[in-house]
S.K.: 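The structure that follows is given in the form of structure tokens.
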Amino acid sequence: MYSEKHRSSIEDPQQFWAQAAEGIHWDKRWSRVLDDSEKPFYSWFPGGRLNTCFNAVDRHVDGGRGEQTAIIHDSPLTNSQRRISYAELLEAVALFAGALADHGVEKGDRVIIYMPMIPEAIVAVLACARLGAVHSVVFGGFAANELATRIDDALPKLVVSASCGIEPARIVEYKPLLDQAIELAGHKPRHCIILQRPQVAAKLLPERDIDWNDAVASAQRHDCVIVDATDPLYLLYTSGTTGQPKGIVRDNGGHAVALHWSMKNIYNVDPGEVYWAASDIGWVVGHSYIIYGPLLHGNTTVLFEGKPVGTPDAGAFWRVAAEHKVACMFTAPTAFRAIKQRDPGGELIAQHDLSALRTLFLAGERCDPDTLHWAENKLGIPVIDHWWQTETGWSIAANCLGIEMLPVKAGSVGPAAPGWDVRALDSQGRDVKPGDVGAIACKLPLPPGSLTGLWQAPEHFRTAYLNAFPGYYETGDAGFIDEDGYIHVMSRTDDVINVAGHRLSTGSIEEVLAAHRDVAECAVVGVVDELKGQLPLGFLVLKAGVDRNHDDIVAECVKMVRDQVGPVAVFKRAVVVTRLPKTRSGKILRSTMRKIADGEDYRFPATIEDPAALEEVGTAMKSIGYANPSASE
Ligand code: COA
Ligand code: AMP
């Protein structure tokens with residue numbers, strides 16, 4: 001029963017997770033399940049030693065799964081498919097680990113992986129884990145500048161990349177972006193290993209760059225390096241309130257235990273079944289449920305290099321699910337909104353045999369009830385919205401199908417998952433009443449698999465997550481918990497926005513806009529978009545004396561954001577205003593501006609400095625088609 005499991009995980013987390021840890025191969029068992037001697041910092045399974053790659057690959061080959069397919073690469077963008085067995089994966093990973101070691105990578109070194117959705121990206125990730133090196137995957141849709149920021153924070157010894165990624169309408173050449181990023185960065189990685197894809201031949205620099213095939217040809221297979229459970233496995237950068245991304249640190253032991261446990265208990269799949277997370281390896285969903293979760297559990301994972309629509313049509317997901325007999329699928333609501341828009345009647349769904357598909361999980365952004373019901377009706381299977389973050393690594397709230405399927409409530413992400421003591425708090429840190437909106441926070445300690453800190457920034461970890469509510473982790477989301485304990489996530493409490501399931505900081509876009517020669521001041525807010533959930537909208541105040549055409553300035557700003565943050569920001573709209581609405585203490589009223597754009601009721605904040613400024617942004621928004629109700633008293 002869910003309620004018993006959840007209760008036992010909160011009352012006796014040590015016993016709960018010690019039992020879950022039996023699903024993992026340990027080279028040395030832990031001395032304690034949980035070290036809470038340095039509150040508010042905790043560590044899971046101290047004293048334990050293991051290798052995550054061994055658990056995800058070698059042990060399945062040793063245990064008789066060598067011939068089972070580990071990875072299905074399905075790429076409508078290159079019109080190809082590839083199946084890689086666990087035995088083949090082991091060979092590829094051991095050799096690539098040897099290649100990394102030949103180029104100086106050792107336990108604890110960082111390796112940045114900037115690659116498209118190809119099996120070699122998974123090989124590179126696992127090869128790092130094999131060596132005890134710390135990988136940091138950077139999403140391909142980010143521009144050189146974002147990559148440079150991550151290089152300067154992670155200080156990688158080596159970068160693994162590919163000549164290109166493929167988008168439906170264009171080839172994205174990665175190598176020039178990588179070269180530019182290294183040029184921009186203060187830190188210079190010693191080597192770059194580049195996989196040449198047939199679509200584009202990247203120019204390699206002598207001394208620094210090595211062709212992937214050459215690196216592997218001369219390499220010897222490398223064994224697993226046993227690491228401490230508490231050693232870092234990877235860093236994954238995510239957006240915070242400022243332009244500086246936060247380097248989320250994941251450990252080896254807790255991560256392996258939690259992800260292995262989640263495959264059966266949350267997703268209800270058995271080893272050997274096909275699991276498909278239609279996400280990207282550059283995001284946490286990709287890390288946890290394209291790579292580590294399914295492989296730790298002995299599943300077959302699908303690596304899909306395509307889009308929900310346009311590759312070639314809105315039936316792509318159903319073709320893949322049917323062809324590979326996917327048992328459980330996971331994607332973002334935005335993908336479903338895109339499919340629903342093109343195939344509202346679900347005719348393309350009906351053309352495929354989806355009898356193997358038992359469940360669909362959604363996450364990454366708020367799921368509107370319409371989309372949830374549409375998916376339920378058209379697929380005829382349970383559709384489960386669940387909630388998590390890069391920081392948490394797996395779901396904070398979910399209907400845990402492997403424990404007990406509870407009723408689905410549209411608009412809710414389900415009850416807290418085992419291990420998570422979730423509260424809605426008022427500004428004083430007191431629990432609010434069921435149904436009342438509060439800041440959503442999780443009582444410490446967080447369960448295994450969640451972040452152990454921010455890379456080289458313990459103080460930032462405290463200020464960003466732990467200080468607001470002592471004894472709790474602040475999620476940055478606001479919402480309510482209803483009488484049945486179901487959690488409803490409504491919005492962010494900070495300036496993070498969510499565009500097509502991608503988390504972005506308005507601060508990073510503002511930094512770029514502020515650098516435009518004519519811009520004196522700016523603000524970016526996330527406004528509602530029917531397809532992508534939210535889209536960034538910019539407000540520009542020009543420097544005195546600038547009398548250039550506003551459209552030209554806006555176009556230049558749009559290009560700057562695309563070049564410096566990346567196309568994934570989808571920054572396409574901005575308006576020029578004479579001033580920004582602010583409080584008397586100088587804080588820009590972003591949330592009021594967002595409400596105006598979204599047509600929500602809003603009030604003039606009592607602390608507003610100049611109400612006319614708010615009226616002006618309202619008029620400016622109206623001029624570009626955003627709703628503009630009048631303020632309530
Ligand atoms: N490398 C380079 N560019 C990329 C990229 C990548 N890996 N991923 C996206 N981009 C580019 C796109 O080509 C597009 O560029 P354009 O402005 O030239 O058209 C831009 O970034 C915006 O991409 P996206 O938001 O993905 O829009 P889209 O119109 O191509 O597709 C959806 C819309 C809804 C189909 C798509 O956003 C989607 O599948 N989202 C699901 C997201 C997801 O899985 N999130 C993970 C959480 S589970
Ligand atoms: P990311 O770290 O990129 O996974 O983004 C995490 C953020 O996305 C969360 O803090 C939420 O704001 C949002 N999010 C993720 N899943 C959901 C969901 N199921 N419902 C509502 N918001 C979600």
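One-based numbering, in listed order, for ligands and for the atoms of each.
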S.K.: When you compare the side chain of Thr359 with that of Phe330, does any pair of heavy atoms fall below 4.5 Å?
M.R.: no
S.K.: Is there a nitrogen or oxygen of Thr334 sitting under 3.5 Å from a nitrogen or oxygen of ligand 1?
M.R.: no
S.K.: Give the atom numbers and elements of ligand 1 that come within less than 4.0 Å of a heavy atom of Ala278.
M.R.: 44 (O)
S.K.: Considering heavy atoms of the protein only, find what lies nearest to atom 36 (C) of ligand 1 and give residue, atom and distance to 0.1 Å.
M.R.: Ala500 CB, 4.6 Å
S.K.: Would the distance check show the side chain of Trp394 and the main-chain N or O of Pro448 forming a donor-acceptor pair, the cut-off being under 3.5 Å?
M.R.: yes
S.K.: Do me a favour and list the nearest non-hydrogen protein atom to atom 9 (C) of ligand 2 with residue, atom name and distance?
M.R.: Asp477 OD2, 3.2 Å
S.K.: Got a salt bridge between Glu347 and Arg342, using NZ or NE/NH1/NH2 to carboxylate O under 4.0 Å?
M.R.: no
S.K.: Are Glu365 and Lys532 ion-paired here, with the side-chain N under 4.0 Å from a carboxylate O?
M.R.: no
S.K.: Counting each atom of ligand 1 from 1 as listed, which ones have a heavy atom of Arg562 under 4.0 Å away?
M.R.: 16 (P), 17 (O), 18 (O)
S.K.: Does Arg366 pair with Asp368 as a salt bridge, N-O distance under 4.0 Å?
M.R.: no
S.K.: Less than 4.0 angstrom from a charged side-chain N to a carboxylate O is my criterion; do Asp343 and Lys378 meet it?
M.R.: no
S.K.: Heavy atoms only, cut-off 4.0 Å: how does Trp283 contact ligand 2, side chain, backbone, both, or neither?
M.R.: neither
S.K.: With heavy-atom distances below 4.0 Å as the criterion, list the atoms of ligand 1 near Lys572.
M.R.: 17 (O)
S.K.: Could a heavy atom of Pro308 be found less than 4.0 Å from some atom of ligand 1?
M.R.: yes
S.K.: Under 4.0 Å, heavy-atom basis, I'd like to know which part of Arg492 is in contact with ligand 2: side chain, backbone, both or neither.
M.R.: side chain
S.K.: At under 4.0 Å between heavy atoms, which part of Arg342 makes contact with ligand 1: side chain, backbone, both or neither?
M.R.: neither
S.K.: Answer yes when Glu391 and Arg503 have at least one side-chain N-carboxylate O distance shorter than 4.0 Å, and no when they do not.
M.R.: yes
S.K.: Whether Arg82 and Asp74 form a salt bridge (side-chain N of Lys/Arg under 4.0 Å from carboxylate O of Asp/Glu) is what I want to check.
M.R.: no
S.K.: Taking 4.0 angstrom as the limit and counting only heavy atoms of Gly141, give me the atoms of ligand 1 inside it, by number and element.
M.R.: 1 (N), 2 (C), 3 (N), 4 (C), 5 (C), 6 (C), 7 (N)
S.K.: Heavy-atom contact under 4.0 Å between Met117 and ligand 1?
M.R.: no
S.K.: Between Asn498 and ligand 2, which part of the residue brings a heavy atom under 4.0 Å of the ligand: side chain, backbone, both or neither?
M.R.: side chain
S.K.: Determine, step by step, whether Ser262 and Tyr289 satisfy the side chain to side chain donor-acceptor pair (under 3.5 Å) criterion, reporting the C-alpha distance in whole Å, the side-chain angles of both residues, the deciding distance to 0.1 Å, and the verdict.
M.R.: CA-CA 10 Å; Ser262 71; Tyr289 292 111; 2.6 Å; yes
S.K.: Evaluate Arg170 for polar contact with ligand 1, using N/O atom pairs at a separation under 3.5 Å.
M.R.: yes
S.K.: Any chance you could measure Leu236, atom CG, to Leu451, atom CG, to the nearest 0.5 Å?
M.R.: 11.0 Å
S.K.: For the residue pair His386 and Asn399, confirm or rule out a side-chain donor-acceptor distance under 3.5 Å.
M.R.: no
S.K.: Starting from atom 3 (O) of ligand 2, locate the nearest protein heavy atom and write down its residue, its atom name and how far away it is, to 0.1 Å.
M.R.: Arg503 CB, 3.2 Å
S.K.: For atom 47 (C) of ligand 1, what is the closest protein heavy atom, and at what distance to 0.1 Å?
M.R.: Gly501 O, 3.8 Å
S.K.: Can Val172 and Ile166 be said to form a side-chain contact (heavy atoms from CB on, under 4.5 Å), step by step?
M.R.: CA-CA 6 Å; Val172 183; Ile166 303 165; over 6 Å; no
S.K.: Nearest heavy atom to atom 46 (C) of ligand 1: which of Ser279, Cys164, Ala338 does it belong to?
M.R.: Ser279
S.K.: Can you check whether Lys409's main-chain N or O pairs, donor with acceptor, with Ser412's side chain at less than 3.5 Å?
M.R.: no
S.K.: Is the shortest side-chain N to carboxylate O distance from Lys203 to Glu173 below 4.0 Å?
M.R.: no
S.K.: Under 4.0 Å, heavy atoms only, figure out whether ligand 1 is touched by the backbone of Val570, its side chain, both or neither.
M.R.: side chain
S.K.: Just need the protein heavy atom nearest to atom 48 (S) of ligand 1, so name the residue and atom and give the distance.
M.R.: Val285 CG2, 3.6 Å
S.K.: Give a yes or no answer on whether the side chain of Thr311 reaches the backbone of Pro76 with a donor-acceptor pair at less than 3.5 Å.
M.R.: no
S.K.: Checking a contact table here: which protein heavy atom is nearest atom 26 (O) of ligand 1, and how many Å away?
M.R.: Lys307 NZ, 3.6 Å
S.K.: How far is atom 8 (N) of ligand 1 from its nearest protein heavy atom, and which residue and atom name does that atom have?
M.R.: Phe139 CZ, 3.4 Å
S.K.: Taking only heavy atoms of Val172 into account, list the atoms of ligand 1 that are under 4.0 Å away from them.
M.R.: 2 (C)
S.K.: Would you say Gln389 and ligand 2 have an N/O pair spaced under 3.5 Å apart?
M.R.: yes
S.K.: Hydrogens and angles aside, do Tyr114 and Lys175 bring a side-chain donor and acceptor to less than 3.5 Å of each other?
M.R.: no
S.K.: Pick one of side chain, backbone, both or neither for how His502 approaches ligand 1, counting any non-hydrogen atom pair under 4.0 Å.
M.R.: side chain
S.K.: Quiz question: by atom type and distance under 3.5 Å, do the side chains of Gln81 and His73 form a donor-acceptor pair?
M.R.: no
S.K.: Report yes or no: does Thr452 contribute a side-chain atom to a donor-acceptor pair with the main-chain N or O of Asp251 at less than 3.5 Å?
M.R.: no
S.K.: Where is the nearest protein heavy atom to atom 5 (C) of ligand 1: which residue, which atom, and how far?
M.R.: Glu167 OE2, 3.4 Å
S.K.: Non-hydrogen atoms of Arg337 versus ligand 1: any pair closer than 4.0 Å?
M.R.: no
S.K.: Should Gly364 be listed as contacting ligand 2, given a heavy-atom distance under 4.0 Å as the test?
M.R.: yes
S.K.: Which part of Pro567 is near ligand 1, with near meaning a heavy atom under 4.0 Å away: side chain, backbone, both or neither?
M.R.: both
S.K.: Check each atom of ligand 2 against the heavy atoms of Asp385 and keep those under 4.0 Å away; list them by number with element.
M.R.: 18 (C), 19 (N)
S.K.: Should you measure from each heavy atom of Val568, which atoms of ligand 1 turn up under 4.0 Å away?
M.R.: 21 (O)
S.K.: May I ask which of Ile248, Ile440, Thr390 has a heavy atom nearer to atom 1 (P) of ligand 2 than the others do?
M.R.: Thr390
S.K.: Considering only the protein, which heavy-atom contact is closest to atom 18 (C) of ligand 2, and what is its distance?
M.R.: Glu365 O, 3.3 Å
S.K.: Is it true that Lys532 lies under 4.0 Å from ligand 1, counting heavy atoms only?
M.R.: yes
